[in-house]
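All remarks here apply to the structure that follows.
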Amino acid sequence: MLRAAMDQVARTISSSVKVIPKCRRLEGKVAVVTASTQGIGFAVARRLAQEGAKIVISSRREANVKVAVDQLKQEGLDVTGIVCHVAKAEDRTKLLKEAVSKYGGLDILIPNAAVNPSVGPVLETAEPVWDKVFDINVKSTYLLMKEALPFLRQRKCSNIVIMSSIAGYQPLEILGVYSISKTTLISLCKTVAGELANEGIRVNCIAPGVIKTKFSEPLYKSEAAYETTVSMVPMERLGEAEEIASVAAFLASDDASYITGETIVAAGGMKSRL
């Protein structure tokens, strides 16, 4: 009964957050969003496009790219897509070149790709899992930022929005290494923001809570997991991807023109303190 009640609340919230925004804060901007064919990445790409940005979406799977691009184009949004495995240098190069060749430049970079190939305590995690998590979640984010920098420097008021997690503040036992990688991204944000502030390039971070996506299914799929997870959230519900997308749109816009090096936690009141 608890889950049914919470699902009803979530549906009510969902119906309100999916309204197409009336503002056009990102008119004329070009954005690249990685891992953006479903979940939070897709919601972010859609919201930025709804606010006027031209979007390059990407995924490791060509079929997923096609489906996402077709859907967004049917909604009248200006998007293109390309296959990109963020751990591959040649794919990252093609991704950035797609933005420049298709739309003439790059204003907004949102590295969203992340993996969590296994669950369990940190000290029980195998070395290959450590390597994969940090290669995708941290190293690839850093490299994409570095490789995008020459293009971002050519634009006025460009910015980067990194996707961390509430797990970066409050590690979850079953997400041990993933949690550590997300804490690292919060530090990466602060460090790079300090280096780029005098160039007018802003770097910020979002730490979503438990958002109802396929990626986070282990935290809510079963009745027991759902009740345990919701019990940690003061708002007593899971978040919606669109609620993270709205934060990303704000940070990417000139409404956040004096904000850099910060992490916005969107987690329904979950504790967030390092």
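- In this structure the side chain of L149 reaches within 4.5 angstrom of the side chain of I201, judged on heavy atoms.
- At a threshold of 4.5 Å between non-hydrogen side-chain atoms, the residues K73 and V79 count as touching.
- A donor-acceptor contact closer than 3.5 angstrom links the side chains of T80 and E98.
- Around CD of E75, the count of heavy atoms belonging to other residues, nucleotides or ligands within 6.0 Å exceeds 12.
- S140 and R92 get closest at one heavy-atom pair: O-CD, 4.3 Å.
- Looking at every heavy atom in both residues, I57 comes nearest to A68 through CD1-CB, 3.5 Å.
- Inter-residue side-chain proximity for I162 and N204 is flagged as unmet; no heavy-atom pair is nearer than 4.5 Å.
- Residue pairs meeting the ring pair (Phe, Tyr, Trp, His ring centres under 6.0 Å) criterion with at least one partner in residues 162-183, sequence neighbours excluded, are Y178-F215.
- The nearest pair of heavy atoms linking M163 to L185 is O-CD1, 3.5 Å.
- A donor-acceptor pair is defined here as one N or O able to donate and one able to accept, closer than 3.5 Å; no such pair exists between the side chain of T229 and the backbone of Y226.
- The local environment of CZ in R25 is crowded, with over 12 non-hydrogen atoms from other residues, nucleotides or ligands closer than 6.0 Å.
- Y142 and I206 are not part of a single hydrophobic cluster, where members link through side-chain heavy atoms under 4.5 Å apart.
- Although no hydrogens or angles enter the test, the distance criterion places a donor-acceptor pair under 3.5 Å between the side chain of K190 and the main chain of G261.
- Contact between R153 and L196 at its shortest, heavy atoms only, is NH2-CD2, 4.3 Å.
- Each of R47, K212, R237 was scored for a salt bridge (Lys or Arg N to Asp or Glu O under 4.0 Å) with E243, with one residue passing: R237.
- Taking the side chain as every heavy atom from C-beta outward, I108 and V32 never approach each other to under 4.5 Å.
- Minimum heavy-atom separation, L26 to A252: CD2-O, 3.7 Å.
- Using a 4.0 Å cut-off between a side-chain N of Lys or Arg and a carboxylate O of Asp or Glu, K214 and E217 do not qualify as a salt bridge.
- Annotation: E90, atom CD; neighbour count of heavy atoms from other residues, nucleotides and ligands within 6.0 Å is above 12.
- Side-chain contact between L96 and E147 is present, with at least one heavy-atom pair separated by less than 4.5 Å.
- A heavy-atom distance below 4.5 Å is found between the side chains of P117 and V133.
- Checking side-chain atoms of S158 against main-chain N and O of Q154 turns up no donor-acceptor pair under 3.5 Å.
- Between V86 and D91, every side-chain heavy-atom pair lies at or beyond the 4.5 Å cut-off.
- Only one option out of K54, K156, R155 pairs with D107 in a side-chain hydrogen bond (donor to acceptor under 3.5 Å, both in side chains); it is R155.
- The side-chain heavy atoms of F250 and I264, taken from C-beta on, include a pair separated by under 4.5 Å.
- The two atoms that bring G41 and N112 nearest to each other are CA-ND2, 3.4 Å, heavy atoms only.
- Using a distance-only test at 3.5 Å, with no hydrogens or angles considered, no donor-acceptor pair links the side chain of S187 to the main chain of T183.
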